[in-house]
There are 2 protein chains.
Amino acid sequence: MNMENIKKWKHVMKLDPDKKISAENLEKIVRSGSDALMVSGTQNVTRRNVEKILGMIKKYDIPKVLEPPHPDCIVDGFDYVFVPCVINSDDAMWIVGKHKEWVEKYDIDWETVVPEAYIVLNPDSMVGKVTKARANIGQKGVVAYAVCAERFFNFPIIYIEYSGKYGDPEIVRAVHKNLEKALLFYGGGINSREKAVEMKKYADVIVVGNAAYEDIDRAVETIVR
Amino acid sequence: MNMENIKKWKHVMKLDPDKKISAENLEKIVRSGSDALMVSGTQNVTRRNVEKILGMIKKYDIPKVLEPPHPDCIVDGFDYVFVPCVINSDDAMWIVGKHKEWVEKYDIDWETVVPEAYIVLNPDSMVGKVTKARANIGQKGVVAYAVCAERFFNFPIIYIEYSGKYGDPEIVRAVHKNLEKALLFYGGGINSREKAVEMKKYADVIVVGNAAYEDIDRAVETIVR
């Protein structure tokens with residue numbers, strides 16, 4: 001695992017294998033100045049649609065990340081495989097169960113693997129429901145999970161995920177203040193430059209997903225350096 | 001966290017705060033040549049009985065480890081606090097829940113903390129029942145949890161725990177073969193020199209607990225270098 005390049009990132013665009021994107025919009029995303037493309041989704045992510053989107057992006061000289069929701073959709077050809085652990089899940093399956101299955105079934109290229117501790121804070125989102133995330137834990141609870149992820153489990157990335165909803169910048173600020181070395185990623189509801197600027201104050205990296213499918217020109221404006 | 005000294009250990013004696021030990025037997029344990037004393041239990045472990053046993057051992061010049069089953073029994077005065085995560089538990093509480101509570105409630109001296117990934121393989125033991133451990137997972141399953149603990153979660157110690165029952169040396173051997181840097185601890189049913197020698201072939205450190213309460217002279221014979 002090599003974190004050196006990732007440490008320079010400020011902005012990541014997320015592409016959902018379950019959604020359609022035109023070649024024209026993809027071109028706009030790649031040219032936007034975002035630091036990486038992350039292929040990621042919660043539902044209907046298969047080897048087939050991951051390969052399809054990889055086919056569309058592989059010609060571009062930009063770091064490509066796969067963030068698989070389960071081990072059976074992992075394909076070769078990505079620079080990194082960011083493997084999420086939903087650390088505030090109530091279901092062991094999403095903390096370590098799928099990971100164990102993955103190790104048991106596949107021959108893993110650990111050099112490309114980057115473990116991520118997700119803290120999922122929107123209980124109404126698909127990822128919140130699927131992973132049974134304990135979302136109503138207050139700022140102190142979120143900080144405790146983040147510190148635990150960094151200090152006890154040694155995660156190089158802590159990811160605050162509001163999935164589809166703009167989150168509480170105070171929580172992101174508090175987490176950032178309590179981390180010593182892990183990178184803090186923030187995702188959820190960033191669909192304007194103003195929100196991007198606000199969350200970028202506290203997060204090391206902001207991730208923009210839905211906006212790319214809803215209004216490509218506003219999505220491109222979220223790149224803040 | 002400083003692992004340098006721990007890497008030299010071969011044998012650890014476990015003392016249960018919920019059990020009585022005489023000063024004479026304690027003296028035999030300390031003089032036995034074991035590398036460390038670990039204060040650890042599953043039931044009825046309180047600040048009060050942890051402090052009591054610490055009071056008995058503090059005069060001895062031997063590394064002292066506290067391995068707390070919950071955060072409310074952690075007291076100052078130990079060289080290390082080995083914090084277990086039962087990675088094959090079916091209950092998120094034993095993987096990350098208690099750890100999050102600990103971070104939330106206490107001001108932690110991280111320098112003394114050593115994270116341990118427990119793989120609990122005796123489903124009939126108290127620890128197996130309390131933590132809802134998935135014990136019947138076969139050799140491949142145990143190896144997968146161990147690799148996951150080492151490579152994904154970065155645990156410096158993987159602990160195979162048969163708690164009260166002598167385990168399968170083939171499983172311990174397979175785990176050892178698949179680890180690259182983590183130390184492998186083995187505990188469970190070591191009550192003779194023969195068993196100690198056998199498990200020590202594969203585990204970096206063997207832990208002897210019950211034997212110290214059942215037959216002190218045989219317990220002392222388990223020290224294999």
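Proteins come first, then strands; the chains are lettered A, B, ... in the order of their sequence lines, and each starts at number 1. Note that this is a predicted model, so its numbers are computed, not measured.
In this structure, A:N154 and B:F155 have side chains that are not in contact, with every pair of non-hydrogen atoms separated by 4.5 Å or more. With contacts defined as side-chain heavy-atom distances shorter than 4.5 Å, the pair B:V96/A:Y145 qualifies. Between A:W110 and B:V147, the closest side-chain pair of non-hydrogen atoms falls below 4.5 Å. In this structure, B:C148 and A:W102 have side chains that are not in contact, with every pair of non-hydrogen atoms separated by 4.5 Å or more.
Counting non-hydrogen atoms of neighbouring residues, nucleotides and ligands closer than 6.0 angstrom, the CZ atom of A:R151 exceeds 12 such neighbours. At most 12 heavy atoms of other shown residues, nucleotides or ligands fall within 6.0 angstrom of atom CE in B:M126. Atom CG of A:D109 has more than 12 neighbouring heavy atoms from other residues, nucleotides or ligands inside a 6.0 Å radius. Other residues, nucleotides and ligands contribute at most 12 non-hydrogen atoms within 6.0 Å of the NZ atom of B:K52.
In terms of heavy atoms, B:C85 sits closest to A:F152 at CB-CE2, 3.9 Å. The two atoms that bring B:A92 and A:D91 nearest to each other are CB-N, 4.5 Å, heavy atoms only.
Note: A:G141 leads A:A149, A:G141, A:S89, A:A146 in heavy-atom pairs under 4.5 Å with chain B.
The CD1 atom of B:I137 lies 7.5 Å from the CD atom of A:E104; values are rounded to the nearest 0.5 Å.
With a 4.5 angstrom heavy-atom cutoff, A:F153 touches chain B via backbone and side-chain atoms both.
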